[in-house]
Amino acid sequence: MLAVKCFVFSLFMVAVNAQTPLSTDFYRNTCPNVEDLVRSAVTKKFQETFVTAPGTLRLFFHDCFVRGCDASVLLASPIGQAEKDHPDDISLAGDGFDTVIKAKAAVDSDPQCRNKVSCADILALATRDVIVLTGGPNYSVELGRRDGRVSTKRSVQHSLPQADFTLDELNAMFARHNLSQTDMIALSGAHTIGFAHCNKFSRRIYRFSPTNRIDPTLNLRYAFQLRGMCPLRVDPRIAINMDPNTPRTFDNVYYKNLQQGMGLFTSDEILFTDARSRPTVNLFASSNDAFNGAFVEAITKMGRIEVKTGSQGEIRLDCTAVN
C-alpha cells in the first residue's frame with residue numbers, strides 16, 4: 001500500500017512540475033553563479049536599509065498579480081502611465097526597485113552572465129533572499145521567466161487586494177491566479193515584516209461607523225496606540241509597522257497578533273474573525289514550521305503566475321526600460 005501511495009505522490013509531483021516551464025537550475029550552463037551574485041548584492045543593500053526586505057517582497061507580489069511575474073512593475077513611463085504610476089503602486093518602496101537594479105548590475109558584472117538573466121528572475125531570487133535575511137525559510141526558486149514588454153497604469157486597476165477586502169473578495173482575487181484560501185492566508189503572513197501608511201487604516205481608528213468610531217474587531221489598546229502614531233491630519237508619508245511585536249523578523253507572530261485583534265488592515269483581521277479562515281490562522285499561530293511550509297508552497301505557486309518563457313518577452317538590458 002505504501003508503494004502505491006509513493007507512486008501516486010510521484011505522479012502528482014510530475015504533474016505539478018509539468019505545469020510550469022520553470023526550473024530551479026535554469027541558468028546552470030549560462031550563469032551558474034547567478035544566485036551567489038544576486039544574494040551578495042541583496043545582502044549589501046539590506047545592510048544599508050531594512051526597507052530592502054519588505055520593499056522587495058511587496059514588489060514581487062505586486063508584479064505577479066498584474067500581468068504575471070514578468071517584471072512589468074519595474075518599467076518606467078515618461079508620461080506616468082506605467083504600472084508603478086497607479087495609486088495602488090505609488091507607495092511601493094524605492095528601495096525595492098533599487099534592490100533589483102543593484103542585483104541586475106551585479107549579475108551583469110560577470111561576463112558569462114551579462115544580459116542572460118531576466119529582471120523577473122532577479123526579482124524572484126531577491127525576494128527569497130530578503131525572506132532569509134529576516135529569519136524566514138530558505139527555499140529553491142524556480143527560474144526561467146522572461147521580461148514583459150508592456151506595463152500600463154490601467155492594468156493595475158482591480159488587480160490587487162485592498163485593505164478593506166472581505167474574505168470572499170480576497171479568495172476570489174487569489175483564486176483568479178490558482179491560489180487557494182490557504183495560499184492567501186500564508187502570503188498575507190508577509191505582513192509580518194510589512195509597513196503601511198496611515199491613510200490605509202485610519203477609518204478603522206477614527207470613523208469606522210456612525211455607532212462605532214473604532215472598529216470593534218480591533219484591540220482597543222492597539223487602536224489607541226495607532227491613534228498615537230497616526231494622529232488626524234498626519235503627514236501622508238508616515239508609515240508604521242504592520243507587526244508591532246517583531247517587525248523585523250519573518251515569523252508567525254503576525255497570526256498571533258490576529259488572535260489578539262491586532263491585524264492592522266480589515267483584510268488582515270478578517271482572516272481571524274471569519275470562521276472559515278480562523279482554523280488556518282490558529283494553525284500558523286501555533287506552528288512557525290506550518291506557516292513556513294505553507295508560505296514556501298504559496299510563493300512558489302505565485303511565482304508561476306502567467307510567466308513568459310521561451311521566445312516570449314525578452315531579457316531586458318535595463319530593468320526599467322524595454323530593449
Ion pair R204/E269, N-O distance below 4.0 Å
no
Can D70 and R67 be counted as an ion pair, charged N to O under 4.0 angstrom?
no
P216 side chain near F208 side chain, heavy-atom distance below 4.5 Å:
yes
What heavy-atom pair brings S159 and V66 nearest, and what distance separates the two atoms?
CB-CG2, 3.8 Å
Intermediate values then yes/no, side chain to side chain contact (heavy atoms under 4.5 Å, CB included), F295 and I299:
CA-CA 6 Å; F295 183 86; I299 201 166; 3.8 Å; yes
Pairs touching residues 146-165 that satisfy salt bridge (charged side-chain N to carboxylate O under 4.0 Å, His left out), sequence neighbours left out:
R149-E314
Closest contact, heavy atoms only, L218 versus A223
CD2-CB, 3.7 Å
Could you check whether D121 and Y27, counting side-chain N and O atoms only, form a donor-acceptor pair closer than 3.5 Å?
yes
Under a 3.5 Å distance rule, please check whether E306 uses its side chain to pair with a backbone N or O of R304 as donor and acceptor.
no
Within 45° cone of F265 ring axis and under 6.0 Å: K200 NZ or CZ
no
Passing candidate, side-chain hydrogen bond (donor to acceptor under 3.5 Å, both in side chains) with K45, options T99, D98, T52:
D98
Using 4.0 Å as the upper bound for N to carboxylate O, is an ion pair formed by R114 and D108?
no
Side chain to side chain contact (heavy atoms under 4.5 Å, CB included) between I101 and T320: does it pass, once the steps are laid out?
CA-CA 8 Å; I101 290 168; T320 67; 4.1 Å; yes
Any side-chain donor near an acceptor of the partner, S155 and T152, under 3.5 Å:
yes
If you measure from the Lys or Arg side-chain nitrogens to the Asp or Glu carboxylate oxygens, is any gap between R276 and D168 under 4.0 Å?
yes
Atom CD1 of I305 and atom CG of L179: how far apart are they, to the nearest 0.5 Å?
5.0 Å
Have S287 and D289 got a donor and an acceptor in their side chains that come within less than 3.5 Å?
no
Could you measure the distance from the CG atom of L37 to the CG atom of N33? Nearest 0.5 Å is fine.
4.0 Å
Will you find, in the side chains of S91 and R58, an N or O donor that is under 3.5 Å from an N or O acceptor?
yes
After noting the C-alpha distance and the side-chain angles of R316 and K104, does the key distance pass the side chain to side chain contact (heavy atoms under 4.5 Å, CB included) rule?
CA-CA 10 Å; R316 270 184 231 147; K104 164 75 168 166; 5.6 Å; no
Out of V100, V73, L123, which one pairs with F60 under the side-chain contact (heavy atoms from CB on, under 4.5 Å) rule?
L123
Could you list the donor-acceptor pairs under 3.5 angstrom formed by side chains in residues 183-193, with sequence neighbours left out?
unit_1	atom_1	unit_2	atom_2	d
D183	OD2	S180	N	2.8
D183	OD2	S180	OG	3.1
D183	OD2	K301	NZ	2.5
S188	OG	M184	O	2.8
H191	ND1	D268	OD1	2.8
T192	OG1	D243	OD2	3.4
T192	OG1	T249	O	3.2
T192	OG1	D251	O	3.3
T192	OG1	D251	OD1	3.0

Flag the pair F174 / F165 as yes when their ring centroid distance falls below 6.0 Å, and as no otherwise.
no
I'd like to know whether N212 forms a side chain to side chain contact (heavy atoms under 4.5 Å, CB included) with S209, so could you lay out the CA-CA distance, the side-chain angles of the two residues, the decisive distance to 0.1 Å, and finally the verdict.
CA-CA 5 Å; N212 291 292; S209 73; 3.5 Å; yes
Contact summary for N219 and M262, nearest pair of heavy atoms
CB-CG, 3.9 Å
Are side-chain heavy atoms of L226 and L264 found at a separation under 4.5 Å?
yes
Is there a donor-acceptor pair closer than 3.5 Å between any side-chain N or O of R145 and the backbone N or O of A120?
no
Taking the six-membered ring for Trp, are the ring centroids of Y255 and F272 within less than 6.0 Å of each other?
no
Going by atom types only, do Q157 and D88 share a side-chain donor-acceptor pair under 3.5 Å?
no
What heavy-atom pair brings Y222 and G261 nearest, and what distance separates the two atoms?
CD2-O, 4.2 Å
Answer yes or no for R213 and Y206: cation-pi contact, defined as NZ/CZ to six-membered ring centre under 6.0 Å and angle to ring axis within 45°.
no
Give a yes or no on whether the ring-centroid distance for F291 and Y254 is below 6.0 angstrom.
no
